[in-house]
Amino acid sequence: MKIDRIHSLDVQIDRARELQLELAERLVLEGGPKIERLRIVAGCDVAFDSAGKRAFGALVLLSFPELELLELVRGEAPLRFPYIPGYLSFREMEVLLGLFEGLKTVPDAVFADGQGIAHPRGLGLASHLGLFLGLPTIGCAKSRLVGTYREPGQNRGDSSPLFYRERPVGTVLRTRANTKPIFVSPGHLISVENAAALALAVGGRFRVPEPTRSADRLVSEFKRETIQRGLV
DNA sequence: GCGACAG
DNA sequence: ATCTTGTCGC
Ligand SMILES: [Mg+2]
């Protein structure tokens, strides 16, 4: 698919912060795809070489509700930005956008490994990615970046709202009984409620939703194979 | 100034 | 995230 590069990702932290503040105002946090009409979901993730020089990425398209693999795109890109809490998108999005450019089919929703609007300036990886793609995105993080919440019940599906500055920005969701919950927040073109509903719907017996889990395993494999072959 | 802090 | 083997619990 064609990607509109709404701005450069090759910036310093000061400019990155300014961009986050202005881009957050463009987010649409309502509605989103209904589960009944959901047909194709995407999941993406990034891995790094031990030297911190290259980023590898994997993007999967899965059918819904079967969750069978329909399409897979893998690739790599040089790393230009360090990991700084609050600026993850500037480190991971370069390789991710390249993957989407190689995608044939346009998904109904995209799952990202990180926060959506549950972010200091309201623009986590999933939100930033959503603005570039112009597609509904959902942030599924394995841990908290910001916000307060009450521990959800221990059963699969139990949840509690995540608040930040007095505002509900996401959902702490138990995707598997007696297991640490995940932090779901809308990225773009979807509501807080719908984001959590979809995240639970695309999950199976594992803690991490299938789209992101699948991309994580495939990118690890891609990185290992690429490095073993000694490719530059 | 100190502690927190997605991946 | 990455570096790494085995080990504990459901
Ligand atoms: Mg990741």
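Proteins come first, then strands; the chains are lettered A, B, ... in the order of their sequence lines, and each starts at number 1.
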### Message
Nearest 0.5 angstrom please: A/Asp10 CG to A/Glu94 CD, how far?
### Response
8.0 Å
### Heavy atoms from other residues, nucleotides or ligands near CD of A/Gln12 exceed 12 (cutoff 6.0 Å)
no
### Message
Please give the stem ranges for DNA chain C, sorted by first residue number, where a stem is three or more consecutive Watson-Crick or G-U pairs and both donor-acceptor distances are under 3.5 Å.
### Response
none
## Note on the structure
Given the options A/Leu88, A/Asp113, A/Thr137, A/Leu125 meets side chain to side chain contact (heavy atoms under 4.5 Å, CB included) only with A/Leu88
### Task
Give one of base, sugar-phosphate or nothing for A/Gly52, where a contact means two heavy atoms less than 4.0 Å apart.
nothing
### Query
Under a 4.0 Å heavy-atom cut-off, which of residues 194-211 of chain A touch DNA chain B?
none
### Query
Looking across every strand, which nucleic acid part, if any, lies under 4.0 Å from A/Phe81 by heavy atom: base, sugar-phosphate, or nothing?
nothing
### Query
Base, sugar-phosphate alone, or nothing: which one does A/Tyr83 contact when heavy atoms must sit under 4.0 Å apart?
base
### Message
Of the listed nucleotides (B/dC5, C/dC3, B/dG7), which one gets closest to any side-chain atom of A/Asp113?
### Response
B/dG7
### Task
Decide if atom CZ of A/Arg217 counts as having more than 12 heavy atoms of other residues, nucleotides or ligands within a radius under 6.0 Å.
no
### Query
Of all the choices, C/dA1, C/dT2, B/dA6, which nucleotide is nearest to the side chain of A/Ser50 once you look at every atom?
C/dT2
### Message
Does the structure place the NZ or CZ of A/Arg91 under 6.0 Å from the centre of the six-membered ring of A/Phe48, at an angle of no more than 45° from the ring's axis?
### Response
yes
### Task
Measure the shortest side-chain to side-chain distance between A/Phe100 and A/Val73 over non-hydrogen atoms and say whether it is less than 4.5 angstrom.
no
### Task
With the side chain of A/Glu92 defined as its heavy atoms from C-beta on, choose the nearest nucleotide among B/dG7, C/dC3, B/dA4.
B/dG7
### Task
Verify whether the ring centers belonging to A/His119 and A/His128 lie closer than 6.0 Å.
no
### Message
Classify A/Ala118 by what it touches in the nucleic acid, base, sugar-phosphate, or nothing, heavy-atom distance under 4.0 Å.
### Response
nothing
### Side-chain N,O (A/Ser143) to OP1/OP2 (B/dG7) below 4.0 Å
yes
### Task
Inspect the surroundings of CZ in A/Arg150 and state if more than 12 heavy atoms from other residues, nucleotides or ligands are less than 6.0 Å away.
no
### Task
Test side chain to side chain contact (heavy atoms under 4.5 Å, CB included) on A/Thr105 and A/Leu70 and set out the steps.
CA-CA 9 Å; A/Thr105 309; A/Leu70 298 177; over 6 Å; no
